[in-house]
Amino acid sequence: MTQQPRNTDDSGAPRLRAALEGLPAYKAGRPAAAGEGAQTFKLSSNENPYPPLPGVLKVVAEAVGEINRYPDAANVELIETLAERFGVPASHIATGTGSVAVAQSLVNATSGEGDEVIFAWRSFEAYPIIVQLAGATAVPIPLLADESHDLDAMAAAVTDRTRLIFVCNPNNPTGAVIHRAELERFLDRVPRDVLVVLDEAYREFIRDEQVPDGVDVYRDRPNVAVLRTFSKAYGLAGLRVGFAVAHEPVAEALRKASVPFGVNRLAQVAAIASVHAEAELLERVAALVDERTRVLEALVGQGWTIFDSQANFVWLRLGERTSEFAAMCEAAGVTVRPFEGEGCRVTIGETEANTVFLETAARFMQK
């Protein structure tokens, strides 16, 4: 039998998924511009300004000699360490290359064509990207006037097509938080077959006692999963390791949806060592929180309208002057993260960096 030729596109290019059309690009924070003799600082990526602890560097250096071997695909030692740290079954933990990769696996495991994923907006920039890549429909809900989640509107947006809801607490890029009572009321309104993901990438920076620990919330709610990362407080952004705490059916689905060998050997040993050195690492977090307080108080004193932040950054609502402010900061030696037409997110960095930012903010207010 003669095989009929297959119809092809006249362009000769491979056919790609329609979901890629119009896909928003993730915009990482720009590095600090090289200065001529002057020190420059990067405050655009919510990185921890402190280098890894000596003990963490030691285990990473030792593991470098083993990179000819595959890492433990099951992340057994890391998962057991996390299970003991959080008091949860090991079967309730799934890992990935940063919490964003775990978030993507959650979307892939729950949502596809015709399904909907709800999240506040503006919130973490990756949410609409990973939803569109899955072929699902993003349902962004505008923030309230105080830059926080409109949980009532998010609950009202749930339909029979809703499969997942992201709740970023503290919210990135605004730093706003959700208190226990309002979160519990929201969760009570969400159908039990809809997964609610509490994205807590900045959990360690919270000092507001009314903000619940997502791991406590998840324990008696099978439709709640919690995201955490080693990139922020633990200072391992360059190694890419994050994890989810979720009840077994969700955690098992996550493991099925994740990339094999995703968390490399260096990331695994560094994360384990960081958990064991948590007390020392949290002293650094406390120092950053003190700097955050100094920055927030100084901005208020300059006349800025600033809402409290419980993360490792502050948010300036600048509207049409966003690019102008970002350019002024860069000229002064600090790069910040502009969201065009909305505002700038500024990471809490080294004391010197924060001081340069504050001096620039004061000059901007006088223009």
Side-chain angles (χ1 to χ4, degrees), residues 28-33 35 38-54 56 124 147 168-177 200-211 228-238 274 277-318 325-326 328-339 343-365:
R30 291 180 55 194
Q39 190 173 10
T40 57
F41 302 95
K42 182 185 178 187
L43 301 181
S44 55
S45 292
N46 295 344
E47 297 158 332
N48 191 320
Y50 294 104
L53 292 172
V56 176
F124 182 34
E147 309 286 6
C168 193
N169 196 26
N171 187 44
N172 176 16
T174 67
V177 291
E200 297 186 336
Y202 304 93
R203 170 66 204 172
E204 294 82 1
F205 297 93
I206 295 174
R207 294 298 180 269
D208 185 339
E209 294 181 356
Q210 295 185 65
V211 180
R228 296 286 179 88
T229 182
F230 282 90
S231 295
K232 314 303 181 185
Y234 293 90
L236 301 181
S274 295
E278 188 174 54
E280 189 174 357
L281 284 166
L282 292 181
E283 291 178 3
R284 295 178 166 188
V285 171
L288 290 171
V289 170
D290 288 343
E291 272 295 286
R292 180 183 72 196
T293 300
R294 179 175 80 93
V295 169
L296 287 169
E297 290 178 349
L299 290 170
V300 171
Q302 292 174 9
W304 291 88
T305 299
I306 296 290
F307 292 100
D308 184 41
S309 171
Q310 290 290 306
N312 70 334
F313 53 81
V314 296
W315 170 251
L316 303 179
R317 177 67 69 172
L318 289 151
F325 181 79
M328 190 171 177
C329 285
E330 186 167 0
V334 292
T335 55
V336 300
R337 176 66 174 90
F339 294 84
C344 285
R345 187 193 65 199
V346 186
T347 305
I348 301 299
E350 305 90 332
T351 299
E352 298 83 357
N354 302 330
T355 297
V356 173
F357 158 65
L358 288 172
E359 291 171 348
T360 307
R363 292 197 303 274
F364 187 84
M365 283 294 285

Under 3.5 Å, is there a donor-acceptor pair between the Arg345 and Asn172 side chains?
yes
| request: For residues Val300 and Glu297, determine if any side-chain heavy atom of one lies less than 4.5 Å from a side-chain heavy atom of the other. | output: no
Looking at Glu280, I'd like to know if its CD atom is crowded, meaning that more than 12 non-hydrogen atoms belonging to other residues, nucleotides or ligands lie closer than 6.0 Å.
no
- Item | Asn46 backbone acceptor or donor facing Thr347 side chain under 3.5 Å | yes
Heavy-atom closest pair (Leu299 atom, Ala361 atom, distance to 0.1 Å) is CD2-CB, 3.9 Å
Which is it for Asn312 and Tyr202 under the side chain to side chain contact (heavy atoms under 4.5 Å, CB included) test, yes or no, and what are the steps along the way?
CA-CA 7 Å; Asn312 70 334; Tyr202 304 93; 3.1 Å; yes
message = Are the side chains of Gln39 and Glu350 in contact, using a 4.5 Å heavy-atom criterion?
response = no
query: Is the closest side-chain heavy-atom distance between Pro49 and Leu288 below 4.5 Å?
result: yes
Value for CG (Leu318) from CH2 (Trp315), rounded to nearest 0.5 Å, stands at 8.0 Å
- Message: Quick one, Glu147 with Asn171, criterion side chain to side chain contact (heavy atoms under 4.5 Å, CB included). Give me CA distance, side-chain angles, the key distance, then yes/no.
- Response: CA-CA 9 Å; Glu147 309 286 6; Asn171 187 44; over 6 Å; no
Problem - Under 3.5 Å: donor-acceptor pair, side chain of Ser309, backbone of Ala311 - result: yes
When rounded to the nearest 0.5 Å, the distance separating OG1 of Thr174 from CD of Gln310 is 11.5 Å
Nearest heavy-atom approach of Tyr50 to Ala287 is OH-CB, 3.5 Å
request  = Just do the side chain to side chain contact (heavy atoms under 4.5 Å, CB included) check on Arg317 and Phe307 with the steps written out, would you?
outcome  = CA-CA 10 Å; Arg317 177 67 69 172; Phe307 292 100; over 6 Å; no
Heavy atoms of Phe339 and Pro173 approach each other most closely as CE1-CB, 3.9 Å
In terms of heavy-atom contacts, Gly235 and Pro52 come closest through O-CG, 4.3 Å
One should read off an interatomic distance between Arg203 CZ and Arg228 CZ, to the nearest 0.5 angstrom, of 6.0 Å
Rounded to the nearest 0.5 Å, the CZ atom of Phe41 sits from the OG1 atom of Thr355 at a distance of 8.5 Å
Does a donor on one side chain and an acceptor on the other come within less than 3.5 Å for Glu291 and Asn354? yes
Aromatic centroids of Trp304 and Phe357 separated by under 6.0 Å: no
Contacts satisfying salt bridge (Lys or Arg N to Asp or Glu O under 4.0 Å) that involve residues 43-54 (not counting sequence neighbours) are Lys42-Glu47
Nearest heavy-atom contact between Gln302 and Met365 is O-CE, 3.6 Å
Here the gap from Arg284 atom CZ to Tyr234 atom OH, rounded to the nearest 0.5 Å, amounts to 13.5 Å
| task | Test Arg294 against Thr351 for side chain to side chain contact (heavy atoms under 4.5 Å, CB included), laying out the working first. | result | CA-CA 10 Å; Arg294 179 175 80 93; Thr351 299; 3.7 Å; yes
In this structure, NZ of Lys232 is separated from CZ of Phe205 (nearest 0.5 Å) by 9.0 Å
Heavy atoms of Leu236 and Ser274 approach each other most closely as CD1-OG, 3.6 Å
